[in-house]
Protein chains: 2
Amino acid sequence: MPDKKDRFKMLLKEKGLKVTTQRVDILEALEMRPDKHLTAEEIYEIVKEKNPDIGLATVYRTIQLLAELNLIDKLNLGDGYVRYEIGNMDEEKKAHHHHHLICLSCGNVLTFQGDLLDNLENQIQKSMGFEVVDHEVKMYGYCKDCAAERKKE
Amino acid sequence: MPDKKDRFKMLLKEKGLKVTTQRVDILEALEMRPDKHLTAEEIYEIVKEKNPDIGLATVYRTIQLLAELNLIDKLNLGDGYVRYEIGNMDEEKKAHHHHHLICLSCGNVLTFQGDLLDNLENQIQKSMGFEVVDHEVKMYGYCKDCAAERKKE
DNA sequence: ATTCATGCAAACGGTTTGCAAGCTT
DNA sequence: AAGCTTGCAAACCGTTTGCATGAAT
């Protein structure tokens, strides 16, 4: 499997952009936490531990770059923060079938894979003429622990 | 079917809140455009036609109120605006199965109903112990017209 | 040496809030 | 009359941007 860090460096060079320690540090911070859903500020705090001089603006700029290169995914939970995550799968294609479970009690975000929407997509295409190219599913509810907690009360 | 406007007035009184022309005007603006997805600014512009003295802050405050009362739904397309829509169905329950098709070309938002996720919910409950109470599906693609337009090129 | 990237601070823009004046009840 | 609501403007806050300095090629 091709290392994401190497892929990033390669893509940067291809585009005439520079491989800076900040950019690499930010990717590493995300890579250390696969399937976490970090805000820019959180990423900033993580990177600062290793590189205290980094600026928040650099984090924002790098995040944007990583998203354009499809190395990370955006997630908007509607709480005023955009979150970012790095997939832990090789193929980019799979990101298409990667969805979220959001716990209403503890706020944790879990991930699940599923192709079960393909039917639905076909149906929409036929009935409405809408050509689906991507989809996003969020499920709100209670995670295992919080569901148990709630039952006790 | 109970009029949404009456329901709003009733709910306001129940809560010791006041029935003001501004609040009613805002609900009417939304009611005139069922299944549209309006930003606060857009609602503001609509209401201003009838009541030019209304303030944007009032629109924001009323929208918040309407959302808390479950009379309208929020929709976040990730473009920096929160959008609001009023359902055209009677039962609140149905809002649960009401999803969005977002055209990547013209930006229009279509609505579709579907219960096809019930399977998926059950499956998640069993495999992960996550208790789903609500879900949200967004499909990105090309609407009928834009898909046709794209084929021509 | 050239060109891109960084850090800082200021700007941005949608949304929220404090407050005095104005309606609802 | 009492209390909630309004409109205004200022504050908020996550994010973006301009600019001079610094690093990568």
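Numbered from 1 within each chain, the chains take letters A, B, ... in sequence-line order. What's counted below: heavy atoms across the whole structure, side chains too, no hydrogens, waters or symmetry copies.
Within the 4.5 Å cutoff, no side-chain heavy atoms of A:Val82 are placed close to those of A:Thr39. By the 4.5 Å heavy-atom criterion applied to side chains, B:Lys36 and B:Glu85 are not counted as neighbours.
Look at OH on B:Tyr60: it is 9 Å from C1' on C:dT16, rounded to the nearest Å. Counting to the nearest Å, the C1' atom of C:dG14 and the OH atom of A:Tyr81 are 15 Å from each other. Atom-to-atom, CG of B:Leu56 to P of C:dG14 comes out at 10 Å; the value is rounded to the nearest Å. Rounded to whole Å, the distance from NZ on A:Lys48 to C1' on C:dC8 is 13 Å. The CG atom of A:Asp25 sits 10 Å away from the P atom of C:dT6 (whole-angstrom rounding). What separates CG of A:Asp53 from C1' of C:dG7 is a distance of 9 Å, to the nearest Å. The CG atom of A:Asn51 sits 17 Å away from the P atom of C:dA5 (whole-angstrom rounding). In this structure, the NZ atom of A:Lys13 is 14 Å from the P atom of C:dA5, given to the nearest Å.
Using a 30° and 60° split on the angle between ring planes, A:His135 and A:His99 fall in the tilted class, from 30° to 60°.
Here A:Gln64 lies in heavy-atom contact (under 4.0 Å) with sugar-phosphate atoms only. Residue A:Arg61 is classed as a base contact, given a heavy-atom separation below 4.0 Å to a base.
Annotation: of the two residues near DNA chain C, B:Gly80 and B:Thr21, the 5′-most nearest-nucleotide partner is B:Gly80.
We find that A:Glu136 and A:Lys138 are joined by a salt bridge, their nearest charged nitrogen and carboxylate oxygen being less than 4.0 Å apart.
When all heavy atoms are compared, the tightest approach of A:Leu110 to A:Cys143 is CD1-CB, 4.4 Å. Here the shortest heavy-atom pairing between A:Ala29 and A:Ile46 reads CB-CG2, 3.7 Å.
The side chain of B:Val19 sits closest to C:dT25 out of C:dT25, C:dC4, C:dT15.
No N or O donor and acceptor, one from the side chain of B:Arg83 and one from the base of C:dG14, sit under 3.5 Å apart.
Mapping heavy-atom proximity under 4.0 Å, the span of DNA chain D touched by chain A runs 5' to 3' from D:dG14 to D:dT25.
Cation-pi check for B:Arg150 over B:Tyr142 is met; the charged atom lies under 6.0 angstrom from the ring centroid and within 45 degrees of its normal.
Contact between the side-chain N/O atoms of A:Thr58 and the OP1/OP2 oxygens of C:dG7 is found at a separation under 4.0 Å. Remark: A:Gln22 is not in phosphate contact with C:dA5, judged by side-chain N or O atoms under 4.0 Å from OP1 or OP2.
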